[in-house]
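What follows is a single structure, written as C-alpha cells, with notes after it.
Side chains are part of it too, since the values below use all heavy atoms of this structure and drop only hydrogens, waters and symmetry mates. Just so it is clear: chains get the letters A, B, ... in the order the sequence lines come, proteins before strands, and each one is counted from 1.
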Amino acid sequence: MSTAAAEVNDVNSIPLDEMNVSNPALFQQNVIEPYFDRLRAEDPVHYCPDSAYGPYWSVTRYKDIMEVDINHKVFSSKSSLGGITIADPKDRGPGNDFELPMFIAMDPPKHDEQRKVVSPIVGPGNLAKMEDTIRERAGEILDSLPVGEDIDWVDLVSIELTTMTLATLFDFPWEDRRKLTRWSDVATATPESGIVESWDQRREELFECANYFKTLWDERINAEPKNDLISMMAHSPATRDMPYMEFLGNLVLLIVGGNDTTRNSISGAVLALNENPDEYQKLIDDPSLMPSMISEVIRWQTPLAHMRRTAVADYELGGKQIKSGDKVIMWYLSGNRDDTEIDRPYDFIIDRENPRKHLAFGFGIHRCVGNRLAEQQLRIIWEEIMKRFSRVEVVGEPERVFSNFVRGYKTLPVRLHPKT
Amino acid sequence: MPEVIFKQPDGTTNVVEADLGSNLREAAVQNDVPGIDGDCGGACACATCHVYVTPEWIGKTGTVEPDSMEESLLQFADDCRDNSRLGCQVEVTEALDGIVVEVPLGQH
C-alpha cells in the first residue's frame, strides 16, 4: 500500500501536460489507476504530446469511450493506420515493422465479411454444444490439483482451461496445444516484457506459428468443411484467399482473443474473491449470483486495458479538437472505474444492480466476438471449483504482466482447501 | 400504457406494460424479461436486445434502416432474419399496443 500511496502523491505533482499513462511499468506495478482517476477528474480527453509511442489522446470517461467505440466511421481500426493498440508497427524497427491485418484491425466492409465467417463458432448454438466438454475438462483439471500445497493457479488452471478450449475451436493437435499459449504471449510481447528477448525473436516465433497453421490449413482446405475455425476460414469465400500476413494476423487475433483475456479473468476472479471474502460468502449463500459475479469479475479485471483507434476526420470530443490522423486510446480500464456511470467502481460487488454494464468487451462493431464463451468458461470453472473446494486461498503476491494492453498475471500462488 | 408481448423460444410469454416513448429494450429490461440483456444501456452499441418482430406487426415497427448502426450490429447477431430488430431502436407508441415480438435462442 505504501508504494501505491507514494505514487498517488507523484501523480498529483505531475504537470497535466506531462501525464503519460502509457508506461507499461505502471500497469505491471498495478499503480496506474490513480493516474486515470486524475485524468477523468481534470482532463478526461487528454493529449500526451510525447511518449514512447509518439503523441496520443487518452479517452478516460465511460461515455466518451462509448462515443469513440461506436463511431467507426471517424475512428478507424485499420492496421495500415496503426491498428488497435497504442504501439505502432514502426516502433519495432526495420525488419520487424510489418503490420498484421486481422479483422479486428479492419474497417467495414472487409471487417464485416471476415467477422461473419468466425462468428457462428462462438454463437449460442455452438456454445451449448461445448458446455459439457468444457465442464468435463474443468473437472479433470481441478481434480488433478494437489490440495494444501502452494501451486501456481495461472499455469495449472487459467492457462490450461483456456488453452484446451482454444485447441478445441481450432481442432488443434492436442499434444501441441501449449504452443497456442506461447504464441498468444509472444504476439503481444515486447523485448522489455521478458517473454521474448528481441523483436527478431518475436517475428521468428510468429512465423513458426503461421507455418504450423499453414500445414493444418492445407489439410483442411482439401477436406470436407468441418466445424472448426481453420476449416471454416479455409472454406469461406471471405477468408480462403487471404494473403499470408492476413492469415497470420487473423490467427493471432483468434489466439490472443481466445486465450489471454479469459485466462486473466479466471485468475482475476480468484484474486477478487480473496480480497473480498464477504462477496465470496454471498456467492456460497446464493449460487444464482454466479452470472452476475462473472460480469463483475470481467469489469473488475478488464483484461484488455485499452483499444486504439486512428481518427480519419476532425472530431470534437469532450470539448477537445481531435485532428484527422491522431492516435486515440480508449482506456477501458479507466472507463470501468468511472463513478459517474458505475456506482462504487472500485468495489467488487457481485450482486450489482447492473453488472453487465461495463466496457471490457468494447462496444460497436468490434465488440468482443467471443464474449459469451468467455463468460461460459468463467462460470463453469467456478461452478466446478465450488463443488470441490471451500476456498482457493491466495498465498502470495501475483506477478503481473508488463503491458499497457494485456492486463493480466504471470503467476498467482494459491493453496486449495477441500470442502468439508 | 401499451402492452408488449415477448414470446420466448420455449413458447412461454411475458406480457409487460411499456411507457409511451420508451422502447422495446427498456420494456424488457425493466420487467426482467429473460433473454434480453441490453448490455450497452440502449445506445445501439452491442446487439444484445435482438428481437424478431412478428410478421403482422412489422408494418408498424418498420424494418431496419439500410446503412444504419442497427444494421451494422445486427449482421453479427446470431440467426439474424428479415424481421430482426434491436429492441432499443423500436420506440413504443400507441400503435404498438399489443405487439408480439419473439426473443431469440440466445444473444450473441
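- The neighbour count for A/Glu316 CD, taken as heavy atoms of other residues, nucleotides or ligands under 6.0 Å away, is above 12.
- Proximity of A/His72 to B/Met69: side-chain heavy atoms (C-beta onward) are separated by under 4.5 Å at one or more points.
- Nearest heavy-atom pair, A/Lys73 versus B/Asp67, reported as atom, atom and distance to 0.1 Å: NZ-O, 4.2 Å.
- The residue from A/Arg115, A/Glu113, A/Lys116 that alone fulfils the side chain to side chain donor-acceptor pair (under 3.5 Å) condition with B/Gln75 is A/Lys116.
- Rounding to the nearest 0.5 angstrom, the gap separating the SG atom in B/Cys40 from the NE2 atom in A/His358 is 12.0 Å.
- Closest of all the heavy-atom pairs between A/Asn371 and B/His108 is OD1-C, 4.1 Å.
- Each of B/Val29, B/Asp78, B/Asp39 has some count of heavy-atom pairs under 4.5 Å with chain A, and the biggest count is that of B/Asp39.
- At most 12 heavy atoms of other shown residues, nucleotides or ligands fall within 6.0 angstrom of atom CG in B/Leu105.
- Annotation for A/Lys357: atom NZ counts as buried by contact number, over 12 foreign heavy atoms lying within 6.0 Å.
- Shown here is B/Glu56, whose CD atom has more than 12 heavy atoms of other residues, nucleotides or ligands within 6.0 Å.
- Residues A/Arg372 and B/Asp37 are paired through a salt bridge, judged by an N-O separation under 4.0 Å between the basic side chain and the carboxylate.
- Between chain B and the options A/Gly125, A/Ser295, A/Gly364, the largest number of non-hydrogen pairs under 4.5 Å is found for A/Gly364.
- At a threshold of 4.5 Å between non-hydrogen side-chain atoms, the residues B/Leu73 and A/Arg367 do not count as touching.
- Of all heavy-atom pairs between B/Ala43 and A/Ile70, the closest is O-CD1, 4.2 Å.
- For NZ of A/Lys63, the number of neighbouring non-hydrogen atoms (other residues, nucleotides, ligands) closer than 6.0 Å is 12 at most.
- The side-chain heavy atoms of B/Phe76 and A/Asp112, taken from C-beta on, include a pair separated by under 4.5 Å.
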